[in-house]
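Let me begin by presenting the structure, written as structure tokens, before commenting on it.
Whatever order the structure lists them in is the order used to number ligands and atoms, beginning at 1. Throughout, numbering of the chain's residues begins at 1 and tracks the sequence.
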Amino acid sequence: MQNYLNDNRGKIIEELFDLLRIPSISADSARKQDVSRCAETIKGLLIKAGLEQVEVLQTGGHPVVYGQKIIDPELPTVLVYGHYDVQPPDPLDLWTTPPFEPEIRDGKIYARGASDDKGQLFIHVKAIEQMVQTGSLPCNVKLIAEGEEEVGSTHLGNFLKEHREKIAADIVLVSDTGMISLDEPSIMTGLRGLSYIEMEVAGANRDLHSGLYGGAVANPAQVLSTLIASLINDAGRITIPGFYDDVEELSSAERHQLAQAPFDLDRYKQTLDIAEVTGEAGYSVMERVGIRPSLDVNGIWSGYTGEGAKTVLPAKAFAKISMRLVPNQSSPQISQLFIDHIKGITPKTVKVTVTPHHGGEPWCIQDDLPAYRAACRAVREVFGKEPVPVRGGGSIPVVALFEAELGLKTILLGFGLDSDAIHSPNEHFGLINLFKGIETVPLFYKYFAESPDLRTLCGEKV
Ligand code: BES
Ligand code: MN
Ligand code: MN
């Protein structure tokens with residue numbers, strides 16, 4: 001392994017750079033060609049890695065790239081999932097070097113997608129290449145690379161149904177998350193779900209003079225602010241009736257276990273430059289983002305925002321609101337509760353329109369899977385320390401879909417760091433993370449394939 005890495009370091013970095021140069025921004029329709037070009041590039045990488053039946057499969061949206069290497073149909077199969085689409089790079093002026101011109105500084109690769117998720121997907125491509133080349137692949141492997149994760153994986157549910165046979169496997173392996181730090185390795189055992197809502201509050205039929213009408217006609221910007229402010233109470237609880245009804249309550253033993261993950265509140269506040277944290281009373285910061293739901297305004301706009309002062313009473317106000325969900329909340333149900341509640345509390349002075357966007361279901365590892373233990377062992381061997389379990393606050397909607405549609409369990413073997421600035425300017429990924437990742441993945445395969453009983457290893461086989 002070490003030899004392979006030492007001999008190929010330069011080439012590996014160059015190939016990843018080629019991938020990072022493609023602006024595969026799934027949210028931007030003007031980039032559709034680039035997204036397709038990125039899929040073709042991945043196809044080339046998979047062929048080079050020694051995968052077979054490599055193809056670019058069309059979906060209702062951006063394509064999925066597929067490849068497989070079946071060494072023996074009797075052996076277990078690992079299904080690797082990753083995404084090659086990226087978030088929009090703006091605001092561009094905050095990048096030290098342009099987002100699609102990768103550069104190494106202080107041992108880190110700076111580029112949009114370096115960590116989320118091209119760099120981490122690439123880890124698997126190189127790990128597979130190395131195992132195929134050295135004849136050490138101990139089981140079958142299939143890989144799918146998606147181009148729509150950052151826009152909600154809307155077509156992936158259908159894709160899984162349509163290609164059920166093709167992607168049949170025993171376990172899913174995903175590197176699209178992070179660990180606490182290189183010295184404190186961790187493995188994510190949960191992801192939050194998502195409900196995303198857009199709201200429009202409309203007042204009078206046109207913008208008004210705020211002197212002639214102010215005080216008598218409702219101001220949509222103010223009504224919207226009041227509505228939003230009422231959604232979280234002084235104890236940090238979300239006030240939507242029924243919101244917490246299905247929330248999984250963890251036992252004190254489970255909470256104690258999760259509290260083993262190191263966390264330094266002062267450093268947390270310091271790195272974010274905030275004087276105090278916020279959130280639901282009775283829960284730690286890690287719990288607030290890991291095992292408790294949350295509600296956030298992602299965008300809010302109305303009225304005059306240009307230079308100087310314009311006296312205007314705006315006709316409309318808008319907001320985009322996300323709710324992060326935890327097991328056993330259901331995304332469509334929570335979206336509906338939100339809509340009903342907002343309609344119920346909106347005063348007669350305005351009209352409100354509430355539209356749900358994409359969502360995703362929460363997920364957590366429910367059993368003590370031997371495949372999880374195989375992942376822990378691989379991480380321990382490379383990072384020199386037993387990884388701790390952490391519930392992640394982000395969302396990867398497909399992970400719950402794998403379980404619901406195909407009955408497949410997932411292992412989140414993430415190599416990113418919270419400090420990688422994913423979705424932000426100057427996203428980066430450490431070369432150490434990259435190369436340790438390429439070292440860790442083959443060990444997972446080894447220990448996974450060695451596990452004594454495959455059925456208990458990964459839950460029910462499809
Ligand atoms: N890879 C992230 C999710 C993630 C990152 C989970 C780090 C845990 C730790 C993924 O690409 C992402 O950004 N997901 C979106 C959801 C999607 C529906 C747009 C998110 O969490 O906002
Ligand atoms: Mn991602
Ligand atoms: Mn992302």
I'd like to know whether ligand 1 has [X] as a neighbour, heavy-atom separation below 4.0 Å.
X      : answer
Val151 : no
Met188 : yes
Gln87  : no
Gly360 : no

Open item on the list: Any side-chain to backbone donor/acceptor pair from Asp420 onto Leu417? Under 3.5 Å, distance only.
Closed with: yes
Open item on the list: Donor-acceptor pair, distance only, cut-off 3.5 Å: does the side chain of Arg31 make one with the backbone of Ser24?
Closed with: no
Task: Lys269/Glu276 salt bridge by N-O under 4.0 Å criterion - done: yes
Open item on the list: Counting backbone and side-chain atoms alike, is an N, O or S atom of Glu150 positioned under 2.8 Å from the Mn ion (ligand 2)?
Closed with: no
- [ ] Check whether any N, O or S atom of Asp117, backbone or side chain, sits closer than 2.8 Å to the Mn ion (ligand 2).
- [x] no
Open item on the list: Which atom name would you report as the N, O or S atom of Asp116 nearest the Mn ion (ligand 3)?
Closed with: OD2
Which protein non-hydrogen atom lies closest to [atom], naming both residue and atom, and how far is it?
atom                    : value
atom 6 (C) of ligand 1  : Gly394 CA, 3.8 Å
atom 22 (O) of ligand 1 : Arg324 NH2, 2.8 Å
atom 15 (C) of ligand 1 : Ser395 O, 3.6 Å
atom 19 (C) of ligand 1 : Glu150 O, 3.6 Å

Open item on the list: Please give the atom name: the N, O or S atom of Asp176 nearest to the Mn ion (ligand 2).
Closed with: OD1
Task: 2.8 Å cut-off met by an N, O or S atom of His83 to the Mn ion (ligand 3) - done: no
Open item on the list: Quiz question: by atom type and distance under 3.5 Å, do the side chains of Glu254 and Ser251 form a donor-acceptor pair?
Closed with: yes
- [ ] With Lys436 as the cation and Phe415 as the aromatic partner, state whether NZ or CZ is under 6.0 Å from the six-membered ring centre and within 45° of the axis.
- [x] no
